[in-house]
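The structure presented is a predicted model; accordingly, all values stated were derived computationally and were not measured. So you know, we letter chains A, B, ... as the sequences are listed, proteins then strands, and number each from 1.
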Amino acid sequence: MSADGFASRLLAWYDRDGRHDLPWMHPRAPYRVWLSEIMLQQTQVQTVIPYFERFVAALPSLPALAAAPQDDVLALWSGLGYYARARNLHATAKICVEMHGGDLPRDLDALVALPGIGRSTAGAILAQAWGDRFPILDGNVKRVMARYHGIAGWPGTPAVEKEMWRLAESHLPYARMADYTQAQMDFGATLCTRHDPACVLCPLQSDCAALREGRVAELPTAKPNKPVPERRALVLLAQDARSRVLLLKRPPAGIWASLWSLPEAEDHETARAWFGKHLRGDYDHGEALEPIAHAFTHYRLQLQPLRWQGLGLRDAVNDDGGLRWVAFDELESLGIPAPIRKLLLAIAPRSPG
DNA sequence: AACACGGGGAT
DNA sequence: ATCCCAGTGTT
């Protein structure tokens, strides 16, 4: 074990107080570890668990994922956010079937070369799936390193991050790498938390710089914040005589890439033009529904839905591959942005509200 | 170095 | 309201 006792103390804590029953641990197979690590990027454990269970039930192996249609993968991801993760996951599965015999490569650089896998995720996969000796540097480890070593400066800056990689590497044990990796994440998520960490219970309290210096609350240094812009848009909620809803597949890049959503327009002029080109009916008969406010990390979005019923498509646009009438009972099989899904469920027949 | 990329939970 | 989370990819 490393000489300073960091890892051995963390492992002893993990044996008693860590989480040993997370779904991706039983079995702790490479495919499941990989999937869990991707889902857990910027996403908390309790959010991920039901998505993970549903995903592995539908696509239990890497080759099964590789063979699945993209719409199926996005439907399984729908509501989890950061949909590039799902597209990269799918792309990586195909590459692994093509180049690595249907398995993930057991090699750091080969993993990092795959879409959606950076250095931290690659280390987490190698350590948890095979016990290989690589560090991770996620938000938990950054927080623990900042406090334990008294490192000031936002961890997103390259200089701070580089120093933290070095420190994380310096603590690696020579055995139990899978448990050690899980231990760090459990420790950061449940004891050395962002707010009100349980320092009195901490196995590292005797050597923690932040605790010694009374800087626990101010470390790690918060990200400098900037004002977030607001964007407004109209969304067109067209229904046909059978109450089906007209959905449009979004472009493969940008926000909500490749998901099915409602047609959007910047203003009424643009909306009217789009309506006239694609639909038969009277734009001015649209009913304005309650606006939807949706907050992203980097901007706020206010959507104003306009609803029409009993419409038809113009004959000429039936071949448009990105447009589709969708019945309410088909919604669960498609990848749809969370606020749009919520809106559609609110107007569904026999729905609450 | 800064930004894009979702959604939910905590305060 | 605001922050931030088991980050990565693009510019």
Side-chain angles (χ1 to χ4, degrees), chain A residues 18-19 22-25 33-52 74 77-89 91-92 111-125 127-128 135-144 153-162 164-165 168 181-190 192-197 217 220-231 250-259 261 292-301 335-342:
Chain A
R19 290 174 290 193
L22 297 171
W24 39 91
M25 298 174 171
V33 169
W34 167 51
L35 175 63
S36 73
E37 287 301 325
I38 302 301
M39 286 187 166
L40 286 161
Q41 288 170 1
Q42 301 291 291
T43 310
Q44 296 185 341
V45 167
Q46 54 269 41
T47 302
V48 163
I49 287 174
Y51 284 87
F52 178 87
L74 288 172
W77 209 271
S78 188
L80 202 50
Y82 280 154
Y83 298 94
R85 295 184 293 174
R87 291 184 287 112
N88 287 333
L89 190 84
T92 283
L111 284 172
V112 169
L114 294 167
I117 301 180
R119 182 176 171 190
S120 188
T121 297
I125 292 169
Q128 294 184 93
I136 60 170
L137 190 63
D138 60 4
N140 292 306
V141 178
K142 285 175 176 172
R143 185 166 55 253
V144 173
W154 178 50
T157 63
V160 175
E161 190 172 316
K162 184 180 176 187
M164 288 185 170
W165 273 113
T181 301
Q182 185 63 47
Q184 291 174 92
M185 300 190 280
D186 284 3
F187 180 72
T190 68
C192 194
T193 51
R194 183 162 55 97
H195 298 289
D196 295 323
T221 304
K223 176 183 179 167
N225 58 340
K226 301 199 309 186
V228 295
E230 176 158 349
R231 196 170 78 77
R250 297 181 60 89
I255 197 77
W256 295 332
S258 300
L259 269 60
S261 188
I292 304 166
H294 192 68
F296 295 96
T297 308
H298 45 307
Y299 65 92
R300 272 193 287 275
L301 179 61
I336 298 170
I340 302 299
R341 184 181 296 280
K342 187 178 171 188

Heavy atoms under 4.0 Å, any strand shown: does A:Gly79 hit a base, just sugar-phosphate, or nothing? sugar-phosphate
Please state whether the phosphate of C:dG7, meaning OP1 or OP2, lies under 4.0 angstrom from any side-chain nitrogen or oxygen of A:Gln42. yes
Is a side-chain donor or acceptor of A:Thr92 paired with a backbone partner of A:Pro115 at a separation under 3.5 angstrom? yes
Distance criterion of 3.5 Å, no angle test: do you see the side chain of A:Thr297 paired donor-to-acceptor with the base of B:dG6? yes
Tell me: CG of A:Leu137 to P of C:dG7, nearest whole Å? 10 Å
Round to the nearest Å and state the distance from A:Arg85 atom CZ to B:dG6 atom P. 9 Å
Exam field: side chain A:Tyr83 to backbone A:Gly79, donor-acceptor pair closer than 3.5 Å: yes
Does A:His298 put a side-chain nitrogen or oxygen below 4.0 Å from OP1 or OP2 of B:dC3? no
Can you check the A:Asp138 CG to C:dT8 C1' distance for me, whole Å? 14 Å
Look at the side chain of A:Thr43 and the base of B:dG7, then say whether one donor and one acceptor between them are separated by less than 3.5 Å. no
Measure OH/A:Tyr299 against P/B:dG7 and give the value in whole Å, please. 10 Å
Listed partners of A:Ser261 passing side-chain contact (heavy atoms from CB on, under 4.5 Å), at least two apart: A:Arg250, A:Pro337, A:Ile340
Whole-Å gap separating P (B:dG6) and CZ (A:Arg231): 12 Å
Just checking, any donor-acceptor pair under 3.5 angstrom between side chains of A:Arg19 and A:Thr190? no
Please report the distance, rounded to the nearest Å, between CG in A:Asn225 and P in C:dA1. 16 Å
Rounded distance (Å) that lies between atom C1' of B:dA1 and atom NZ of A:Lys223: 12 Å
How far does the P atom of B:dG9 sit from the matching atom of C:dT8, given to the nearest Å? 23 Å
